[in-house]
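Naming convention: chains lettered A, B, ... in sequence-line order (proteins, then strands); numbering from 1 in each chain. Since this is a predicted model, take the numbers as computed values, not measurements.
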Protein chains: 2
Amino acid sequence: MEIIAEKKKAILESTLKLIKENGFHGTPMSMVAKRAGVAAGTIYHYFDSKDTLIMELFAYTQGQVQEAVHKDLREGMDLKENFFLRWISRCQFYIQHPDVLFFIEQFVSSPYYPRCSPDQNERSQNDIKEFINLGRQHGILRDVDFKLMAIMIHSSIMTAARVHIDGKVQLGEKEFHQLAQMIWDSIRKL
Amino acid sequence: MEIIAEKKKAILESTLKLIKENGFHGTPMSMVAKRAGVAAGTIYHYFDSKDTLIMELFAYTQGQVQEAVHKDLREGMDLKENFFLRWISRCQFYIQHPDVLFFIEQFVSSPYYPRCSPDQNERSQNDIKEFINLGRQHGILRDVDFKLMAIMIHSSIMTAARVHIDGKVQLGEKEFHQLAQMIWDSIRKL
DNA sequence: GGTTGTCTATTGAACGTTCATTCGGTAGTG
DNA sequence: CACTACCGAATGAACGTTCAATAGACAACC
């Protein structure tokens, strides 16, 4: 893992926050600079352009998510436990980092997303896939296309987190389990 | 239903297409004008600003979706059939109108979305809610928060359509049913 | 039936602003 | 002296929006 210069990190973080507040447009470089406490020119010392700043920001947030989920993982869980844990901790990560959620949502539905390398966006769901593979081998999961299942799971997580953040529904311990159970029932053989 | 002037419609349609191709930013008004075959100034005859153009475009697409789904509905179906039909026809609508899907995705994860009136975005899932209510009354569905369930269903539809359009997975008759079955199993009592 | 006035639809050049990016310069380090 | 990190005013292009001008439709009036 590359060590990120302090100012570079500050730029990434403030971009993240500003994009949550003002959206993709509506965040001029000058504002990023001010919020990060650097000069406008400094940004261009670290990033070629606004586009690459945003592309790198995506990689940066993907790293954060990955890290957070893996931290919670323990050995010797059965598949269902494993699924619940992954689902819930991913969802909680997004809830605790709304700016990441907002950014990713915006990013994936923007013309930027198709531009990132295929393995970049595959890695983003690597841990989900790893899990699906396991479930398949044990004959526990339905025979549904791999990618399809992975994406359906991931989108359920994002959606749940989003609803919670918007305050439309309060998600507590109970609701998390209800939701994880719903998704679990949708992917396992009945 | 308001009758929309021809040029107004052309403006809406070309905005839709351009946003799919170039994203929210990346679609200057001048380009919208050219594609719609009108002068730049004409847009401002129908819309106060770019913002209101986009807000109205959202309402416009919502109307289209609503209409398409209701067309397929018949009387005397049981709940499960009803669900399958709604799920599949909504999904197919998005697949047949990728520009609508792209636009809605971008719109809801942008700072525009929170600005539309609450009943505007509630209406957008009205038919899903109508269905959930029915299922609740019959005791077929799980006891999960209303809004939560509606949004989970809706997001599954959008995600499935998106995956298909991106060509990551080919969805045929069989896959549609598999998917609808998955979601059905996730919302019904087991 | 012709004349006048009003209203709407439309045009596209011009305006003013915003914004990404550049660049010449300063400071610190080795 | 060379090299990197950093600054921030200056630049120039892009873009949303305005506006004076034109044309057509329709009605009122003589």
K.L.:
Find out whether the Lys NZ or Arg CZ of A:R115 is both under 6.0 angstrom from the six-membered ring centre of A:F58 and within 45° of the ring's axis.
P.N.:
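A:R115 over A:F58 ring: no.
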K.L.:
Whole Å only: how far is the CE atom of B:M29 from the P atom of D:dC19?
P.N.:
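From B:M29 CE to D:dC19 P: 16 Å.
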K.L.:
Using a strict threshold of under 4.0 Å (side-chain N to carboxylate O), is an ion pair present between B:R86 and B:E81?
P.N.:
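The answer is no: the pair does not qualify as a salt bridge.
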K.L.:
Just how far, in rounded Å, is P of D:dA14 from NE2 of B:H25?
P.N.:
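Atom-to-atom, B:H25 to D:dA14, this comes out as 17 Å.
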K.L.:
Kindly say whether B:L134 contributes a backbone atom to a donor-acceptor pair with the side chain of B:H138 at under 3.5 angstrom?
P.N.:
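Yes, because the side chain of B:H138 sits within donor-acceptor range (under 3.5 Å) of the backbone of B:L134.
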K.L.:
Round to a whole Å and report the spacing from OH of A:Y44 to C1' of C:dA20.
P.N.:
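Atom OH in A:Y44 sits about 4 Å away from atom C1' in C:dA20.
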K.L.:
Of the nucleotides D:dT17, C:dT21, C:dT11, which one has an atom closest to the side chain of B:A40?
P.N.:
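My answer, after comparing the listed nucleotides, is D:dT17.
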K.L.:
Base, sugar-phosphate, or nothing: which does B:Y46 touch, judged by heavy atoms less than 4.0 Å apart?
P.N.:
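Sugar-phosphate, no base atom in range.
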K.L.:
To the nearest angstrom, how far is A:I43 atom CD1 from D:dG8 atom P?
P.N.:
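Answer to the nearest Å: 12 Å.
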K.L.:
Looking at B:Y60, I'd like to know if the NZ or CZ of B:K8 sits under 6.0 Å from its six-membered ring centre while staying within 45 degrees of the ring's axis.
P.N.:
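Verdict for B:Y60: no cation-pi partner in B:K8.
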K.L.:
Starting the side chain at C-beta, find the nucleotide from D:dT17, D:dA9, C:dA20 nearest to A:K50.
P.N.:
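Out of D:dT17, D:dA9, C:dA20, the nucleotide with an atom closest to A:K50's side chain is C:dA20.
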K.L.:
Taking only N and O in the side chain of A:T42, is any of them less than 4.0 Å away from OP1 or OP2 of D:dA5?
P.N.:
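No, outside the criterion.
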K.L.:
Rounded to the nearest Å, what distance is computed from the NZ atom of residue B:K34 to the P atom of nucleotide C:dT11?
P.N.:
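That distance rounds to 14 Å.
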K.L.:
Should A:H45 be listed as having a side-chain N or O under 4.0 Å from OP1 or OP2 of D:dC6?
P.N.:
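Checking A:H45 against D:dC6: no side-chain N or O falls below 4.0 Å of OP1 or OP2.
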K.L.:
Relative to B:F102, does B:R162 satisfy both conditions: NZ or CZ under 6.0 angstrom from the six-membered ring centre, and within 45 degrees of the ring's axis?
P.N.:
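Output yes; distance and angle both within limits.
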K.L.:
Starting at atom CD1 of A:I11, determine the distance to atom P of C:dA20, rounded to an integer number of angstrom.
P.N.:
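From A:I11 CD1 to C:dA20 P: 14 Å.
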K.L.:
Of the listed nucleotides (C:dT21, C:dT11, D:dG16), which one gets closest to any side-chain atom of B:K7?
P.N.:
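Of all the options, the side chain of B:K7 is nearest to C:dT11.
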K.L.:
Find the distance B:L53:CG to D:dC15:C1' and express it as a whole number of Å.
P.N.:
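That distance rounds to 15 Å.
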K.L.:
Could you check how far CG of A:D51 sits from C1' of C:dC19, rounded to whole Å?
P.N.:
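Atom CG in A:D51 sits about 14 Å away from atom C1' in C:dC19.
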